[in-house]
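Report on the following structure.
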Amino acid sequence: MAEPAEAAVGYDPWPVYRQMLRSRFFEEAISELWKQGLISGEMHLSTGEEAIAAGVVMQLEEGDALALDHRPTSALLLRGIDPVLILRELLGRPDGLCRGMGGHMHLFSPEHLAASSGIVGASGPAAAGFALAGQHLRPGKVAVAFFGEGALNQGMLLESMNLAVAWQLPVLFICKDNQWAITTQSPDVSGGTPAGRARGFGMPAAEGDGSDVHAVWQAVAVALERARGGEGPTLLHFHCNRPEQHMLGDPLLRIARRPVRELSQMAGPATRAILGRKGTSLRERTRNLGRFLSAIRRIGADASDEHSDPISQSRAALAGVDKERLLTLEQVVVEEVSGIVRKAIAPAEEAR
Amino acid sequence: MKEITFAGAIEAALAQAMATDPRIVIFGEDVQALRSNLFFRFGEARVRPAPISESAFVGAAVTAAMAGLRPVVEVMLVDFIGVTMDALLNHAAKTAAFSGNRWQVPLVVRASCGGGYGDGGQHEQSLWGWLAHIPGLSVVVPATPADAGRLMLTALAHEGPVIYLEHKLLSAYWLDYLGAGGRETVSYDVPEAGARGPVPDSWQPLPLGEAAQWRQGSDLTLLSVGVGVHRSLAAAERLQAEGISAGVVDLRTVAPLDENAIREAVSATGRVVVVDEDYEKFGLAGEIAALLLEAGLKPAYARVCTTGTIPYDRRREEEVLPNVGRIVTAARALVEAS
C-alpha cells in the first residue's frame, strides 16, 4: 500500500499499527483460552475490524462515550481499559472488569463511558443517550456507536439515526460491514445501502475500506470535527472481513474447514429431508442444498482472505519504511500480550 | 417407539405438519441454516431467512397468521423477544379480544431459552412467566423429546398465539452453537432423559395445558417445567435416599396452567416446592401459590427459582439457577418444619 500523499492530522502509522497488533494478539490469546475451555459461552472476536477500531478509538478524548456491540474487545482495549481486567472478566473471575458478571458481550467501564450489548442494534440508542448527556454535561464530547451492517435492519438503530439528526446529537455511527448478518448474507435480506439510509435521514455519510486504517482515520477525523462542533451525527460505512465468522467455533466455518467430517454428520438427516415425501420438487430441493453449500464456500473464502486483513496491509506498508523498527515493535507487542495473559491467569492473590 | 433427540423431535413434528399443511411457514434469523433440513425439503418460500428485524418480522407474523398462514416465527433466543414485545403484547395477544373473538392469531413464536452454559444474563433467560402474564398468550415449555414434538403440534393446531420455548440444555445444536462451539474442553450438566428419548412413530398433539406427573411421592410435590423437571427428578432421587418421598409434576405449559393437576398433586402431599428457572419474583412460582390459596389449600410452600440476573461466571451461574442441591435443601426444610 502506498503511503498517502497527505497524512491525516495526528496520524502516525507506528502507534496505530502497534495498537492494531495488540488487539490482534490479544484476541488470539482469547481464542486460545476459549479453546482450552477457560472462557465459556459464545465468543465473538473483533478480528478483521482492528483498523476500524483503531481509526475511531485512537482519536477519542476523555469524556467521549462508546456504545459497543457483541464484539467489544478491540475498541475497549484501544480505549485504554486494562487488558488484564478484560481478560479476567472473560475468565469469569470476581476480579474481572465487571466482577465476572457480564462476560464478553456485556463489558462495561463507567470511567470510560463505555458500554456493550449483545442485542443487535442496541448501540444506536445507547450512543444517542450518551450524546444527549454529552450535550448537557460535556459540550464538545461525542458518542460512538459501533454496529454491523446486519444491525442496520433493526428498527431501534434506524430510529436512533433519525433521533440524532432531529436533536443534532454528536454521534458517530460506525458501520462495520462484513456482509454477514449472523449467518445470513446481508444482501439477501437488506434493501438499499447504509450510506443511502443515513442520507435519507439527512445525515452525512461516507463509505470506505475498513481494512485501510489511514482511510478510516481520515473519515473519522471529519465526522469528529463535525460532531464536536455541534453540527450533528455522521454515518461512516466501512467494509471489513470476518475471518472467524460469527463466533469462535461457528458451525458453518467448521463445515467449511472440515467438510468431510462435519457434512458426514449432516448427511443422514439432509438426505432424508431431500427424499421425504411431500415438499417442493426434487429439482428445487437440490438447488436449496446447493445454496446452502455455496454459503459454506463463501465462508471458507472469507476465512482465508488475506487481502482484506488490516494487519497485513499496515505491516506491508511499514516494512517498506523501516523493517527493523517494525520487527522490534512486533516483539514488544508479543511480550506485552504474553505478559497480560500471564498476569490475567495468575491466581487472584498473586495478581495483586 | 424409537429414540431421538429433543431437537430431532421438534423437526420431525414440524416436517410432518408442513407436509400436510401448506399454510405452515417458518421465518426468522438464520432459519435457512438452523432449519437446513426443512429448508432443503420445503424451500425458501416456506423456510425464509429474515433480516435482524424482530419487531418487523414478528409483527408481520401476527397479521400473516390473521390472514390465513400458520407462521412459526423464530427469534433465536427468548431474550431477543424484548425487541419485538409490542407485536406480542399489544397485537398478537389482543386481537382475539378486541375483535370480539371474531379474529384469531394462530401464530407460533419459537425461541430457545434457559441457561447453564455460561453465556451471560442477556442470553440465558427463561421469561416464560413474564410472557404468560399477558392474557391471550399461551406458553409451552417441553422437557422431553416426546413432549417437544407433541407440543409443537399443539402449538401449530392452536387458534391463538403460542410461545414455544426450547431449552438450550435439551437441544444439542443450540448448546453446541452457543456453548461448546465444537470444543471438547467444556462440559454441561445436560439431563439425558430430556436431550434424548422415546418418541411416537406418528405425532399427535397433546391437549394444551395438560401437566404430567412423572414421579409419585407422598411427602411433597415438586412442580416444574423444562430443565427444572429433570433437576426435580434428580432431587427426588436424592431425597428418597434420605427417606423423603417426593413426587414430580411436569407442568409442560405455563399458560394455561393445569390447575386441576396442581391442586390434586399438592393436596395429596400437603407440601409443595416450585422449581422455576424463570425469575423468582412476580412469576410462575408466585402464581402457583396464589391459585393454591384461592382453592382453599394451605400447603407448606417453598420456591427454588432464578434469584437475579444470571452471572456470566459459570460457578455463580450454577448457584443462581435452580440446582439439585437447592431443591433438596428447600424440600428437606419443608418436611422437617411440618
Side-chain angles (χ1 to χ4, degrees), chain A residues 34-43 89 91-94 96 98-106 117-121 150-151 153-156 181-184 186 188-190 247-252 254 266 269-270 272-274 276-280 284-285 287-289 291-292 295, chain B residues 8 11 15 18-20 22 29-34 36-56 76-77 79-80 82-83 117-124 173 176-187 309-317:
Chain A
W34 182 87
K35 283 178 190 141
Q36 290 169 23
L38 298 173
I39 293 174
S40 68
E42 299 165 80
M43 176 51 67
E89 179 63 25
L91 295 166
R93 290 173 45 150
C98 302
R99 301 175 181 167
M101 285 296 291
H104 94 280
M105 276 186 279
H106 319 117
S117 174
I119 303 298
V120 173
N153 290 325
Q154 193 69 294
M156 64 177 115
I182 318 176
T183 46
T184 297
S186 283
D188 291 348
V189 289
S190 312
M247 56 194 172
L248 289 179
D250 191 303
L252 296 185
R254 265 149 52 200
M266 275 187 68
R272 280 193 293 280
I274 288 167
R277 228 161 35 82
K278 295 192 176 164
T280 60
E284 200 202 319
R285 294 187 203 193
R287 197 163 57 227
N288 297 337
L289 178 65
R291 287 177 61 186
F292 180 81
Chain B
E11 182 172 298
M18 289 177 77
T20 53
E29 292 124 337
D30 280 358
V31 292
Q32 81 290 3
L34 287 170
S36 56
N37 295 323
L38 297 172
F39 174 74
F40 299 153
R41 179 168 170 186
F42 296 102
E44 186 169 354
R46 295 184 65 194
V47 182
R48 181 177 286 198
I52 306 174
S53 310
E54 290 95 351
S55 48
M76 298 193 98
L77 280 74
D79 314 70
F80 304 166
V83 177
Y117 62 99
D119 210 12
Q122 209 177 53
H123 288 70
E124 292 204 334
Y173 71 100
D176 176 60
Y177 186 43
L178 302 173
R183 291 177 290 177
E184 283 163 9
T185 49
V186 285
S187 61
T309 295
I310 302 167
Y312 162 74
D313 170 20
R314 285 195 66 194
R315 286 147 295 204
R316 279 173 280 168
E317 175 197 23

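Predicted model, so just to flag it, every value in this text is computed and none were measured. The chains referred to below are lettered A, B, ... by the order of the sequence lines, with proteins before strands, and numbering in each begins at 1.
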Under 4.5 Å from any heavy atom of chain A - which part of B:V83: side chain
Which portion of B:R48 sits near chain A, non-hydrogen atoms under 4.5 angstrom: neither
Atom group of A:S186 that falls short of 4.5 Å from chain B, counting heavy atoms: neither
Residue among B:Q32, B:M76, B:R316 with most heavy-atom pairs under 4.5 Å to chain A: B:R316
Proximity breakdown for A:T183 and chain B, heavy-atom pairs closer than 4.5 Å: both
A:T184 backbone acceptor or donor facing B:D30 side chain under 3.5 Å: yes
Value rounded to 0.5 Å, distance of CD1 in A:I182 from CG in B:L34: 8.5 Å
Structural part of B:E54 lying under 4.5 Å from a heavy atom of chain A: both
Chain A contacts, top residue of B:N37, B:D176, B:T20, B:V47 (heavy-atom pairs, under 4.5 Å): B:N37
Parallel, tilted or perpendicular: ring planes of A:F292 versus B:F40, cut at 30 and 60 degrees: perpendicular
Non-hydrogen side-chain atoms of A:M247 and B:Y177 separated by less than 4.5 Å: yes
Atom group of A:Q154 that falls short of 4.5 Å from chain B, counting heavy atoms: both
B:E44, part contacting chain A, at a heavy-atom distance under 4.5 Å: both
Sidechain-backbone polar pair: B:R41 side chain, A:R277 backbone, donor-acceptor under 3.5 Å: yes
Residue A:R291 versus chain B: region with a heavy atom under 4.5 Å: side chain
Residue pair A:N288 / B:F39: nearest heavy atoms and the distance that separates them: ND2-O, 3.2 Å
Residue among B:I310, B:T185, B:L38, B:T309 with most heavy-atom pairs under 4.5 Å to chain A: B:T185
A:W34 side chain reached by B:V186 side chain, heavy atoms, under 4.5 Å: no
Heavy-atom proximity to chain B below 4.5 Å, by part of A:L252: side chain
Distance, nearest 0.5 Å, that separates CZ of B:R183 from OG of A:S40: 7.5 Å
B:A50 portion near chain A, given a 4.5 angstrom heavy-atom threshold: backbone
Contact winner vs chain A - B:A19, B:S55, B:S187, B:A33, heavy-atom pairs under 4.5 Å: B:A19
Taking every non-hydrogen atom, the tightest pair across A:M105 and B:D119: CE-OD1, 3.8 Å
